[in-house]
Amino acid sequence: MKKHFLFIGILTLTGCANLKQTSQSKSLDEVKHITTEASIKSHVSYLASDELTGRDTGTEGINKAATYLSDEFKSYGLKPFFSSYRDSFKIESKYGYNVVGFLEGTDEKLKDDIFIIGAHYDHIGFSGRGKSAKDSIANGANDNASGVATVLELAKYFATHPPKRSIMFVLFSAEEIGLLGSKHLAQRFKSMNQPIYAVFNIEMVGVPLKNVDYSAFLTGYKMSTMADRFNHYSGKNVLGFSPEAAKMELFKRSDNYPFYTELNIPSQTICTFNFTNYEYYHHVKDETQHQDFTHMNYLITDLSLGLSGLLNETESSIKLLE
C-alpha cells in the first residue's frame, strides 16, 4: 500500500481463529481449508528471501520474482491474458512487469464479467530502517509477499474449481513508487475498451488484528455493495469497515484506485495490518518468521467462500453506491 502518512489508532482486527462467527458459519475444527500453512509459507519464504533483494522495481530480484509468479500461474493451468504472463511498462530507463494470469469462466454469458483478484509484488529493496552491517534488505514479507501468496493460493483453488465468471489474477509491480503498474494496466484496459467487472486487491494480510468481529477492513467500504454481498456469501463478517482507514483515505493508497479512476468500477482493497499490530513496516525485519500462517490459512479459506459466491451468482450484484 502506497503510504505517505502516519497511520495511528486504526481499529485492530482479529485473526480468523478468534472471529465472532454468525450462526451460518462452521466451527473452526470443521473448516476445510483450501490450502495449507506450508504452501502459504513456501510462497512467502521465497518472495521475502534475501535472494530477491527486496524486490525493488527494475532490479534482478524482482525479475526473479516475476519468473516465479509466471511459473506458478502456468503450473495451475492459467493462461496469459496478453502474449505472455508479463505486462511490461517502462519507467524512465527501466522496465516494470505486472504478472497477469487468466481463468475463463464457465458460463457463456457471465464469462464476459472479468473479475480481477490482485496484489502488488514489488517492495522497496534496501532500507535504512534498522540497517546494520548484517542486514540492509527490506524483504517485504507482510508488505506484500503475504498478499501475493494469498492471490496464488486463490488462483490455484479456482483453477480446479472454475467459476461462472472469468478471473484475471494480477500481481502488480511499481506500487511502492506511485501505483505505476496498476495505473499502466488500468489505462491499457481503458484504451482497449476492455470491460472489467470489479477489482479485489489484497494488501498486507500476514498478521491478524484484534478486538473486532471481522477479518479484514475493506477500503472504500461505503462506496460499493462489495462488502455486503461478499459477507452474505461467506456467511460471516469477513470484510468490515474501519472509520480510521476511511479518514486516512486508504482507498486511494493501493492498486485498486487506478481502476476506479480510469474505469469507474467497484475496485477495493482488503488489509489486516495497521501500525499498532506490526512494527516492521518498510523495515529490514519484515521477515517470514514474523508472519502468522495459521491466520492466513483461515483468511484464504474465508476469501474463497465469499469470492465463490460473487463469481457464481446469476445476477451481477457488485455496484458502485457513490
Side-chain angles (χ1 to χ4, degrees), residues 1-5 7 10-13 15 40 43-44 47-48 55 57 65 69 98-99 116-124 138-155 169-183 185-186 198-209 214-221 223 226-227 230 238-242 244-246 248-260 266-278 280-283 286 290-292 295-296 299-300 302-303 306-307:
M1 190 173 291
K2 182 173 169 57
K3 311 127 188 126
H4 298 295
F5 51 85
F7 192 170
I10 286 187
L11 287 176
T12 55
L13 312 169
I40 303 165
H43 294 313
V44 174
L47 293 169
R55 307 189 309 278
T57 299
L69 300 172
N98 298 320
V99 181
I116 290 178
I117 300 175
H120 77 89
Y121 74 103
D122 65 306
H123 196 48
I124 62 172
N139 296 99
N142 191 41
D143 186 9
N144 187 33
S146 65
V148 175
T150 300
V151 173
L152 291 176
E153 292 302 324
L154 290 170
F169 297 95
V170 183
L171 300 169
F172 300 103
S173 187
E175 188 266 2
E176 297 284 3
I177 55 176
L179 313 181
L180 299 185
S182 52
K183 286 178 182 177
L185 188 58
V199 176
F200 190 88
N201 191 50
I202 302 170
E203 177 83 62
M204 293 188 292
V205 292
V207 293
L209 298 126
Y214 49 88
S215 308
F217 62 80
L218 181 74
T219 66
Y221 184 93
M223 297 179 66
M226 187 179 292
F230 182 102
V238 177
L239 305 182
F241 173 65
S242 167
E244 289 81 2
M248 302 307 296
E249 296 188 317
L250 299 192
F251 175 72
K252 299 179 179 180
R253 306 282 183 173
S254 193
D255 287 311
N256 62 286
Y257 189 58
F259 293 92
Y260 171 75
S267 181
Q268 292 160 273
T269 292
I270 71 162
C271 185
T272 73
F273 160 80
N274 65 42
F275 280 77
T276 69
N277 73 323
Y278 191 71
Y280 300 131
Y281 164 67
H282 282 194
H283 194 290
D286 184 9
H290 300 303
Q291 309 310 298
D292 187 331
H295 147 73
M296 288 187 66
L299 178 63
I300 291 168
D302 283 343
L303 294 180
L307 289 169

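Not measured: the values here are computed from a predicted model. Throughout, residue positions are numbered sequentially from 1 according to the sequence presented.
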Can the ring centroids of F251 and Y221 be said to lie less than 6.0 angstrom from one another?
no

Between L152 and L69, does the side chain to side chain contact (heavy atoms under 4.5 Å, CB included) criterion hold? Intermediate values first, please.
CA-CA 8 Å; L152 291 176; L69 300 172; 3.9 Å; yes

Compute whether any side-chain donor of one residue and acceptor of the other, for N256 and T269, lie under 3.5 angstrom apart.
yes

Step-by-step side chain to side chain contact (heavy atoms under 4.5 Å, CB included) determination, V238 to F230:
CA-CA 8 Å; V238 177; F230 182 102; 3.6 Å; yes

Show the nearest heavy-atom pair for residues A186 and P258, with the distance to one decimal.
CB-O, 3.7 Å

V151 side chain reached by Y121 side chain, heavy atoms, under 4.5 Å
no

Distance from S267 atom OG to Y260 atom OH, nearest 0.5 Å?
10.0 Å

Does Q291 have any side-chain hydrogen bond (donor to acceptor under 3.5 Å, both in side chains) partners at least two apart in sequence or in another chain, and if so, which?
Y278

Tightest non-hydrogen contact, residues F172 and G181, listed as CD2-C, 4.2 Å

Could you walk me through whether L303 and F200 pass the side chain to side chain contact (heavy atoms under 4.5 Å, CB included) test, one step at a time?
CA-CA 10 Å; L303 294 180; F200 190 88; 4.0 Å; yes

Is the side chain of Q268 donor-acceptor paired with the backbone N or O of G220 at a distance under 3.5 Å, no angle test?
yes

Does V205 reach the side chain of T150, with side-chain heavy atoms less than 4.5 Å apart?
yes

Would you find a donor on one side and an acceptor on the other, under 3.5 Å apart, between the side chain of N277 and the backbone of P208?
yes

Is a donor on one side and an acceptor on the other found under 3.5 Å between the side chain of K183 and the backbone of G178?
yes

Between atom CE of M296 and atom OG1 of T272, what is the distance when rounded to the nearest 0.5 Å?
8.0 Å

So do Y281 and D143 actually touch side chain to side chain, heavy atoms under 4.5 Å?
yes

For F169, enumerate each residue passing the ring-ring contact (aromatic ring centres under 6.0 Å, His included) test, keeping only those at least two apart in sequence or located in another chain.
none

N142 and Y280: CA distance, side-chain angles, deciding distance, side chain to side chain contact (heavy atoms under 4.5 Å, CB included) verdict:
CA-CA 9 Å; N142 191 41; Y280 300 131; over 6 Å; no

So CZ of R55 and CG of D122: to nearest 0.5 Å the spacing works out to 7.5 Å

N201 and S254 side chains, donor-acceptor separation under 3.5 Å
yes

State yes or no: are the ring centers of Y214 and F241 separated by less than 6.0 Å?
no

For residues T57 and S173, report the shortest heavy-atom separation together with the two atoms involved.
OG1-OG, 3.4 Å

Heavy atoms of A227 and L218 approach each other most closely as CB-CD2, 3.7 Å

Side-chain donor/acceptor of D292 to backbone N/O of V207, under 3.5 Å:
no

Could you grab the distance from atom CD1 of I124 to atom NE2 of H283, nearest 0.5 Å is fine?
10.5 Å

Kindly compute the distance separating CG (L171) from CD1 (I117), expressed to the nearest 0.5 Å.
11.0 Å

Look up atom CD in E153 and atom CG in L299, then write down how far apart they are to the nearest 0.5 Å.
12.0 Å

Would you please say whether a donor-acceptor pair under 3.5 Å links the side chains of E175 and H123?
no

Closer than 3.5 angstrom, by distance alone: can the side chain of N144 be matched with the main-chain N or O of H120 as a donor-acceptor pair?
yes

Between I177 and L180, is any pair of side-chain heavy atoms under 4.5 Å apart?
yes

